[in-house]
Amino acid sequence: MNVEFYERIWMWAAAGLLLLFLGAIFVTVGVQAIQPPSHIETVDPTALPTHPEFGTPAVRTRADGSVVVSVVAQMFSFSPDPIEVPANRPVTFRLTSADVIHGFEVVGTNANAMAIPGYVSQFTVTFKEPGEYLIGCNEYCGTMHHNMVGKLIVKKAAP
Amino acid sequence: MNGRHSLASAHIGVAVAAFAVASAMGLLQALSIADLPFPHRSESLYYLAVTAHGVLMALVFTTFFIMGLGYALSQESLGRITGRGLGWIAFALGLGGSAAAAVTILRGQSSVLYTFYPPMQAHPLFYIGATLLIVASWIWGGIIIASYRSWRREHPGVPAPLSIHGMLATIILWYLATAGLAVEVLGMLIPWSLGMVGKIDPMLARSFFWWFGHPLVYFWLMPAYVLWYTVLPRAAGGKLFSDSLARMVFILFVVLSVPVGFHHQFADPGISANWKLFHTVTTYAVLYPSFVTAFTIIASLEVAGRMKGANGLFNWIGRLPWGDPFFASVALAMIAFTFGGFGGAINAAYAMNSMVHNTAWIMGHFHVTLGTTVALTFMGATYWLLPRLLGRELRLMALARIQPYLWFAGMAVFSISYHIAGLRGLPRRVYSGSLTGEYGAAWHGLTRSAAVGAAILFLSALSYVIVVVATWVGGKRIPAPAFEFATPLRPATTLGIWDRFGLWTVLAILLVAAAYGYPLLHLYAHTRYGSPPFQPF
């Protein structure tokens with residue numbers, strides 16, 4: 001194929017730019033182990049009330065000191081609410097839905113995951129700044145979707 | 001109506017009608033998010049409007065416009081439409097299906113948005129109507145392919161006209177994409193909505209949806225590129241810079257645009273991180289043909305400016321016909337795409353996605369890409385097509401000249417506002433930007449400015465519809481102008497590697513199988529419980 005000189009330069013430059021973008025992503029994946037929430041686990045959405053974990057959604061501290069928050073999203077609230085977690089400690093969220101698809105977005109942080117009925121979303125976040133955060137549902141879930149908010153309280157960790 | 005083009009005109013007419021209704025729905029939403037009062041404002045009306053706007057814009061306006069464009073190009077570039085009668089049957093199916101779906105939406109029975117994620121359940125006619133529209137588009141694709149084959153028998157050994165090359169690529173991509181949708185709608189949603197099965201797996205359904213959902217944007221974009229490559233250089237007074245690279249671009253879209261859907265599902269459970277990374281790589285790869293397009297089109301425009309006597313580094317830009325509504329629309333659409341494309345690269349950036357996922361940023365993003373790059377190109381193309389299809393002079397020329405600029409200005413205000421609001425955390429698709437009433441200080445001014453942008457957009461949309469209607473019913477009758485396609489600086493005269501559709505289609509199918517085979521089988525292998533239906537609207 002006969003390609004004009006300047007166009008050839010452009011095509012190589014464009015390919016280089018895309019490789020640079022991808023390279024940046026692969027560096028964060030490889031070095032910092034950054035991943036989107038990609039846990040694979042199923043749960044019966046019609047039997048959540050009797051589920052050992054999601055029957056009583058709560059903040060629990062494991063023996064090793066790590067914090068696990070089990071969250072159930074349902075029309076039109078999150079439980080537990082508010083969620084209280086310590087600052088500067090890895091907090092693992094385990095999230096599912098009791099009815100339709102919801103979103104779980106802690107505004108001002110990169111905690112942002114889907115709550116899909118029948119599945120458990122799991123991701124770990126460390127909150128550095130103590131304070132109160134807004135949790136918003138960011139997936140349309142019905143007439144009161146915009147009213148589906150919760151509160152996350154990040155407490156200064158005891159020394 | 002010009003008899004040879006009656007099929008094309010009918011499709012364009014339906015597209016414009018859908019656009020008109022959808023535009024009004026768009027304005028309602030922006031006012032509502034900004035908490036600006038208007039009569040009958042309510043939650044139900046808002047979510048109904050979101051659904052109507054999405055379905056009518058993203059599915060009905062685009063699909064009908066593309067079908068109309070395909071028929072017009074087939075008639076002009078190939079000199080035939082093989083199966084015109086079948087085309088009218090498909091038209092009736094598509095129109096009937098769209099109308100049925102629209103009625104259930106406007107009656108408030110299907111406020112499930114255009115993504116219709118189960119377990120939210122719409123009226124069965126919503127799914128059936130949408131299916132009929134897709135079936136109509138399948139028949140349309142078959143007719144264009146049949147026309148091409150008939151032409152090919154008479155013209156062995158020469159490359160297809162570039163416009164047809166682009167449409168064929170669009171059609172192949174559409175068949176690959178809608179295969180995923182067919183599994184979701186025919187295999188899951190319709191039986192479930194009719195009560196034949198009790199439960200549905202929402203995760204599986206949405207994975208099939210996004211198999212379709214992202215190539216859908218290339219189904220919109222490729223016909224826009226066809227216009228950029230084959231009509232724009234001529235309208236600007238120049239020549240197409242490179243014919244063979246244009247053919248390469250269309251083929252790359254066929255190969256790369258389907259195996260990318262997981263970049264809409266980064267925040268989903270049920271798909272492992274490595275498969276999301278796979279789709280990230282293909283998503284970046286599919287940016288490549290757009291980069292090449294940017295060069296070829298801008299180089300073609302420079303050729304046009306220089307043919308008109310420009311000799312400086314940049315003064316060719318001023319020589320371009322900025323007062324021509326078709327040229328202005330497409331040029332502004334391309335400017336929007338430089339921003340939209342980089343926004344897309346951010347959305348696809350694996351981890352960075354979590355800062356923007358499902359926030360108002362996304363609304364800002366697809367309104368510069370679909371809402372400007374594609375929609376403004378189609379609006380400009382309407383001004384180019386109508387005299388040629390109807391044999392009528394464009395009426396209200398002054399309004400048609402202003403309209404693209406109005407759209408661009410309105411979109412700039414609208415889209416920038418939502419991009420920033422999204423970065424500050426405003427969730428997408430909320431009836432009220434103040435949420436429960438306590439929140440929104442960080443973005444409330446921005447929802448107001450977005451509403452101002454939406455009002456400007458609505459005025460622009462109204463201008464477009466008025467020009468189309470005035471031309472259709474009262475444009476001065478003229479002999480239909482010829483369809484003038486751009487001639488390339490270096491025409492392709494023999495069949496090359498980029499003309500081998502069969503080969504590339506096989507490669508595309510293999511890539512789709514690689515991208516989706518394992519993750520979907522993995523989902524099927526789990527104990528999946530399923531969800532009963534909900535109708536919270």
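In the text below, chain A, chain B and the rest are named by the order of the sequence lines, each starting its count at 1.
Neither the backbone nor the side chain of Asn274(B) comes within less than 4.5 Å of any heavy atom in chain A. Only the backbone of Ile271(B) has a heavy atom closer than 4.5 Å to any heavy atom of chain A. Neither the backbone nor the side chain of Pro533(B) comes within contact range of chain A; no heavy atom of the residue lies under 4.5 Å from a heavy atom of that chain. In this structure, chain A has a heavy atom under 4.5 Å from the side chain of Ala345(B), while its backbone stays farther away. If you measure heavy-atom distances from Val29(A) to chain B, the contacts under 4.5 Å come from the side chain alone. If you measure heavy-atom distances from Thr296(B) to chain A, the contacts under 4.5 Å come from both the backbone and the side chain. Contact annotation for Ser111(B): both backbone and side-chain heavy atoms come within less than 4.5 Å of a heavy atom of chain A. Contacts of Ser42(B) with chain A are absent, with no heavy-atom separation under 4.5 Å from either backbone or side chain. Residue contact with chain A, scored on non-hydrogen atoms closer than 4.5 Å, involves the backbone of Val112(B) exclusively. Proximity to chain A (any heavy atom under 4.5 Å) is restricted, for Phe241(B), to the side chain, taken from C-beta onward. Heavy atoms of Ser242(B) lying under 4.5 Å from chain A belong exclusively to its side chain.
Between Glu4(A) and Arg490(B) there is no salt bridge, since no side-chain nitrogen of the basic residue lies less than 4.0 Å from a carboxylate oxygen of the acidic one.
Residue Glu105(A) is tested with Asn112(A), Asn138(A), Asn110(A) for a side chain to side chain donor-acceptor pair (under 3.5 Å); the sole match is Asn138(A).
Here the two rings, on Phe209(B) and Phe116(B), have centers that are under 6.0 Å apart.
To the nearest 0.5 angstrom, Tyr46(B) atom OH is 10.0 Å from Thr51(B) atom OG1.
The environment of CZ in Arg60(A) is crowded: more than 12 heavy-atom neighbours from other residues, nucleotides or ligands sit within 6.0 Å.
Annotation: side chain of Leu252(B) is in contact with side chain of Tyr288(B) (closest heavy-atom distance under 4.5 Å).
Options Tyr6(A), Phe76(A), Phe104(A) differ in how many heavy-atom pairs under 4.5 Å they form with chain B, and the most are formed by Tyr6(A). When each of Ala115(A), Gly136(A), Ala13(A), Pro45(A) is scored by its heavy-atom pairs under 4.5 Å with chain B, the top score falls to Pro45(A).
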